[in-house]
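Following: one structure in structure tokens, then a few remarks.
Naming convention: chains lettered A, B, ... in sequence-line order (proteins, then strands); numbering from 1 in each chain. What you are looking at is a predicted structure, and each value in this text was computed from that prediction instead of being measured.
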2 protein chains.
Amino acid sequence: MRTVSGRRRGPELERAILHAAAEELATSGYAGMTMDNVARRAGTNKNAIYRRWPRRAALGVAAYRYIAESRTPEVDTGDLRGDVLALLRQVNDTWSSPRGAILRDLLAAAADEPALVELLREQAGGDAMSAAWFTLLGRAVARGEAPPEAVHPRVATLPMTLVRAEYAVRGASRLPDPVLVEIVDEIFLPLVRGRGPRN
Amino acid sequence: MRTVSGRRRGPELERAILHAAAEELATSGYAGMTMDNVARRAGTNKNAIYRRWPRRAALGVAAYRYIAESRTPEVDTGDLRGDVLALLRQVNDTWSSPRGAILRDLLAAAADEPALVELLREQAGGDAMSAAWFTLLGRAVARGEAPPEAVHPRVATLPMTLVRAEYAVRGASRLPDPVLVEIVDEIFLPLVRGRGPRN
DNA sequence: CCTATTAGGTACGGTCAGTACCTTACTAGC
DNA sequence: GCTAGTAAGGTACTGACCGTACCTAATAGG
């Protein structure tokens, strides 16, 4: 293979492999991301891959990170409901995007690789995400929109948790916006209200 | 195989296969439930299996149902908090039991078999479970313990949803009881309260 | 120019799903 | 009882895949 120009080495080859793996993930999912397929698509062979990643699952995670570059979410609409909905829509976007599909596929497929599941879970709403939800709620309290008693980790991440649960129950399909609105208006906001002082 | 006594046929053989498959599931998980293993343990061969179930995943589901015999849950402690906690503890028991482990394993492994996922999902908190949560909440309203506005499908199933989400985040380990209490006292009951008439 | 490193090529061994094809036992209908 | 259909058992095979071994060839750096 690669008869004309010189051999790729080191980082260049590594990028080529990751690129090929990412394309396999995108087109055929984790199941289709076989070592032979990746090697063929990258114009190299399995040795080059195994020298860098000891197992297929490791390559899967690396390939995902190659596409991911998780940006920290940031919203500020001025009121609690708007903030929550905006962030929720962002979560919905991420999860329903091709990237999200790959992520969910990987999470399901690599369930028996504890270390890898950990890495992926961080991408799927880990500490950074939790922090965003927490600060959002804190801002609402500062504005007097929510009672101080509402600040609680489970409360802060509840909308995201429910969206994730919805994705687990339904298939891959993007959640319709009314579902998000319902989660906010029927669950989250009443909960915040209910955690205030008894009337 | 089976040289001494006569050949098993029809239902008898089918039960033997399911029994073997269930034992494989219990000891080695879905990954270890290979067709050859099942055939060997059942004292037969793969043909007998493939004549009954077209694919491995189908056998997996059949084997699970062979163990499952889902009983409909029923609790009545007299007050809402007690009911919710009791039912939640029951859910926790089920999910942390060996049966629950098998179920979670199957759900993760057979993610690319839509029809089978559907069957399994029903076992993992489907309509029967939802109905139980709904009637529980209805009873509380009838007793005047909860406002009528609290009756809502998302509200009713929220505790179960949160427990399931917790299982998804943590590994397989049984949820400590304080987590259940926290879900009830910090989320569910405040939400029910918050859905009542504004003060 | 020489040598260590790294890529490429090829060929395995092992596991597993699913299929094919034949032989052997049993059942049922006559 | 005899016979024919049905279903079980036996065995072997294809094809996909992971992971490994081992050798050859290019190239970077001294």
Side-chain angles (χ1 to χ4, degrees), chain A residues 1-21 24-25 27-63 105-106 108-113 115-116, chain B residues 1-21 24-25 27-63 105-106 108-113 115-116:
Chain A
M1 318 190 156
R2 181 86 19 179
T3 49
V4 184
S5 64
R7 273 182 187 172
R8 295 160 301 177
R9 293 196 153 235
E12 187 190 354
L13 182 56
E14 178 164 331
R15 259 182 289 114
I17 293 172
L18 285 176
H19 194 76
E24 288 294 336
L25 271 183
T27 59
S28 320
Y30 184 66
M33 193 203 78
T34 68
M35 299 308 250
D36 295 88
N37 282 354
V38 173
R40 183 155 18 84
R41 192 190 277 262
T44 180
N45 62 8
K46 288 196 290 181
N47 292 331
I49 304 178
Y50 277 105
R51 275 180 207 121
R52 289 170 169 80
W53 299 276
R55 284 164 305 140
R56 191 172 84 102
L59 174 61
V61 172
D105 185 24
L106 273 176
D112 49 348
E113 308 275 351
L116 311 179
Chain B
M1 317 192 155
R2 179 85 21 179
T3 50
V4 184
S5 62
R7 271 181 187 171
R8 294 162 300 178
R9 292 195 153 237
E12 186 190 355
L13 182 56
E14 179 162 331
R15 259 182 288 114
I17 294 171
L18 285 176
H19 194 77
E24 288 293 335
L25 271 182
T27 58
S28 320
Y30 183 66
M33 193 202 79
T34 68
M35 299 308 248
D36 296 88
N37 283 354
V38 173
R40 184 153 20 85
R41 192 191 277 263
T44 180
N45 61 8
K46 287 196 291 182
N47 293 331
I49 304 177
Y50 277 104
R51 274 179 207 121
R52 290 172 170 79
W53 298 277
R55 284 165 305 140
R56 191 172 84 101
L59 174 61
V61 172
D105 186 23
L106 273 177
D112 49 349
E113 308 276 352
L116 310 180

Take the protein atom CD of E12(A) and the nucleotide atom C1' of dA28(D), then report the distance between them rounded to whole Å.
-> 14 Å
Ignoring hydrogens and angles, does a donor from either the side chain of R7(B) or the base of dT24(C) sit under 3.5 Å from an acceptor on the other?
-> yes
Using a cut-off of less than 4.0 Å, is there contact between a side-chain N or O of T44(B) and OP1 or OP2 of dA8(D)?
-> no
Going from CZ on R51(B) to OG1 on T44(B), what distance comes out if it is rounded to the nearest 0.5 angstrom?
-> 8.0 Å
Please confirm whether any donor atom in the side chain of R8(B) sits under 3.5 Å from an acceptor in the base of dG9(D), or the reverse.
-> no
Between the main-chain N or O of I17(A) and the side-chain N or O of R52(A), is there a donor-acceptor pair closer than 3.5 Å?
-> no
For R52(B) and for M33(A), locate the closest nucleotide of DNA chain D by heavy-atom distance; then report the residue assigned to the nucleotide nearer the 5' terminus.
-> R52(B)
Whole-Å distance, R40(A) CZ to dC18(D) P, equals 11 Å
Starting at CD1 of I17(A) and ending at C1' of dT6(C), how long is that distance when rounded to a whole Å?
-> 12 Å
Indicate, with a heavy-atom threshold strictly under 4.0 Å, whether R9(A) touches base, sugar-phosphate, or nothing.
-> base
Using atom CD of E14(B) as one end and atom P of dT6(D) as the other, report the distance to the nearest whole Å.
-> 19 Å
L18(A) and W53(A): side-chain contact (heavy atoms from CB on, under 4.5 Å), yes or no, with the steps?
-> CA-CA 11 Å; L18(A) 285 176; W53(A) 299 276; 3.6 Å; yes
side-chain contact (heavy atoms from CB on, under 4.5 Å) partner of E24(B), the single match among T34(B), L59(B), N37(B) = N37(B)
Take atom CD1 of I49(B) and atom P of dA20(C), then tell me their distance rounded to the nearest Å.
-> 17 Å
Roughly, in whole Å, what's the span from CG in L59(B) to P in dA17(C)?
-> 10 Å
Which sits closer to the 5' end of DNA chain C, N37(B) or G10(A), going by the nucleotide each is nearest to?
-> G10(A)
Separation of Y50(B) atom OH from dT11(D) atom C1', in whole Å?
-> 16 Å
In terms of the nearest nucleotide of DNA chain D, which residue is placed more toward the 5' end: K46(B) or L13(B)?
-> L13(B)
R56(B) NZ/CZ over Y30(B) ring centroid, <6.0 Å and within 45° of normal | yes
Regarding the side chain of N45(A), the nearest nucleotide among dT11(D), dT10(C), dG19(D) is dT10(C)
Send over the distance from R51(A) CZ to dG8(C) P, rounded to a whole Å.
-> 8 Å
